[in-house]
Structures are given as structure tokens and as C-alpha cells.
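The structure under discussion appears below in the form of C-alpha cells.
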Amino acid sequence: MKKKTIAIDLDGVIHAYSEGWNGGAMYDIPVKESHEALTNLVARGFRIAIVTARLNPKFPDMDKQRKAVETWLLENKFIEGEHYHELTNNKPAAIAYIDDRAIAFENWEQAVSDLQNLIP
């Protein structure tokens, strides 16, 4: 049986990202309980794809960003196969997307209303 994928955003969900982009640095600590959550999801048989715009091939420093992300993951003990299976900038086919900037869609009226509530 094929594992079901869960796509999880990196910044703001795994990497705390408390200062925003900050020149592209991977500067922050892991979000509380992210290790445990990813370990448990993998143990339950899910395939985890960490998704990040940092790996956009149109960015001039994409290779530097990939290295920074991979280094940060290792330094913070996120191990491929134990906490995640893929690191990508592409939105994979998944049963769920976990993202700190997402708006859950029910209908357009609700989605536009939720969006307007985010705009100062």
C-alpha cells in the first residue's frame, strides 16, 4: 500500500521563523513539538514532504538555500526517513497541507472573508 503524503511548510511550522525572511537566513529554533509530531506521523505510516519556497529554482541563491535548509535540519536533528521523506519547493499530491499562512477553503464567501480579516 502506498503511503499517504502530508505536505508541511518549513518556515513558521518547523522552523520558528520569528523574524520573517531576514535575508534568507535559517536563524531560528524548531517550533515546539515539531520533532515529536513529525516522528509520530512517520510512525503512523505517513510520507512527509517538507515544502519551502526557499528551494525555488528561480531564486539566484537556490543552491545556497538548499544547503542552508539541509544543514539546519541536520543541526536540529530532523533526520530524513525519521522525520521527513522529501524536501521540495513543489506542492505534492497530499491528503493534507499544514501551513501557517493557509486559509482553509469551505466556499469563496468564507475564504474571501477570512482573507480580508488578515489584511490590516
Side-chain angles (χ1 to χ4, degrees):
M1 184 171 112
K2 188 175 177 181
K3 289 184 179 182
K4 294 184 177 181
T5 298
I6 300 174
I8 303 176
D9 183 38
L10 175 67
D11 289 317
V13 179
I14 299 171
H15 169 247
Y17 200 61
S18 63
E19 299 173 18
W21 181 247
N22 195 16
M26 293 291 298
Y27 55 85
D28 221 337
I29 61 173
V31 170
K32 185 179 178 182
E33 300 179 10
S34 54
H35 282 101
E36 297 83 356
L38 295 177
T39 300
N40 289 337
L41 290 170
V42 170
R44 290 176 54 195
F46 292 103
R47 182 179 177 282
I48 303 300
I50 297 177
V51 181
T52 178
R54 292 175 179 272
L55 304 184
N56 184 334
K58 293 184 180 183
F59 285 178
D61 64 346
M62 190 272 296
D63 290 331
K64 180 180 169 187
Q65 282 294 320
R66 176 174 286 281
K67 181 67 176 164
V69 170
E70 289 171 345
T71 299
W72 185 90
L73 288 167
L74 283 173
E75 287 175 351
N76 288 281
K77 299 178 177 45
F78 289 96
I79 310 301
E80 188 171 357
E82 186 176 325
H83 297 98
Y84 70 98
H85 301 94
E86 178 183 10
L87 180 60
T88 183
N89 75 306
N90 295 314
K91 181 180 176 180
I95 63 164
Y97 301 89
I98 301 174
D99 191 319
D100 60 317
R101 297 186 182 193
I103 293 175
F105 181 81
E106 296 172 27
N107 60 60
W108 278 108
E109 181 180 352
Q110 160 270 318
V112 171
S113 175
D114 287 354
L115 180 60
Q116 288 175 326
N117 291 334
L118 294 175
I119 300 170

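With a 6.0 Å radius and a threshold of 12 heavy atoms from other residues, nucleotides or ligands, E36 has its CD atom above the threshold. Counting heavy-atom neighbours within 6.0 Å of W21 CH2, excluding the residue itself, gives a total above 12.
Here the side chains of I103 and L118 are in contact, with some heavy-atom distance below 4.5 Å. N56 places none of its side-chain heavy atoms less than 4.5 Å from the side chain of Q65.
Taking the six-membered ring where tryptophan is involved, the planes of H15 and W72 are perpendicular, since the angle between them exceeds 60° and thus also 30°.
In this structure, D28 contributes its side chain and S18 its backbone to a donor-acceptor pair below 3.5 Å.
Both L38 and I95 belong to a common hydrophobic cluster when Ile, Leu, Val, Met, Phe, Trp and Tyr are linked at side-chain heavy-atom distances under 4.5 angstrom. In the hydrophobic cluster analysis, where Ile, Leu, Val, Met, Phe, Trp and Tyr join through side-chain heavy atoms closer than 4.5 angstrom, F78 is grouped together with L41. Using a 4.5 Å cut-off between side-chain heavy atoms of Ile, Leu, Val, Met, Phe, Trp and Tyr, with links allowed through other members, L55 and Y84 fall into the same hydrophobic cluster.
Pairing each heavy atom of V42 with each of G81, the nearest pair is CG1-O, 3.7 Å. Across every non-hydrogen atom of T5 and A93, the tightest pair is CB-O, 3.6 Å. Shortest non-hydrogen contact noted between G45 and K3 is O-CG, 3.3 Å. For P92 against Y97, the heavy-atom pair with the smallest separation is O-OH, 2.7 Å. Here the shortest heavy-atom pairing between F59 and A53 reads CE1-O, 3.1 Å.
Distance check: R66 CZ to T88 OG1 gives 7.5 Å after rounding to the nearest 0.5 Å. Rounding to the nearest 0.5 Å gives a distance of 9.0 Å between CD1 of I50 and CD of E80. Taken from CD1 in I48 to CD1 in I98, the straight-line distance is 7.0 Å, to the nearest 0.5 Å. With values rounded to the nearest 0.5 angstrom, K67 atom NZ is found 13.0 Å from M26 atom CE. The OG1 atom of T71 sits 10.5 Å away from the CG atom of N76 when rounded to the nearest 0.5 Å. Atom OH in Y27 sits 5.5 Å away from atom CG in N22 (nearest 0.5 Å).
Electrostatic pairing of R47 and E86 counts as a salt bridge here, judged by a charged N lying under 4.0 Å from a carboxylate O.
Here the rule is side-chain contact (heavy atoms from CB on, under 4.5 Å) with T52, and of V13, L87, N89 only L87 fits it. Applying side-chain contact (heavy atoms from CB on, under 4.5 Å) to H83 and the options I8, L73, I14, T39 leaves one that passes, T39.
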Problem set entry | Full working for side-chain contact (heavy atoms from CB on, under 4.5 Å) between L10 and R54 | CA-CA 9 Å; L10 175 67; R54 292 175 179 272; 4.1 Å; yes
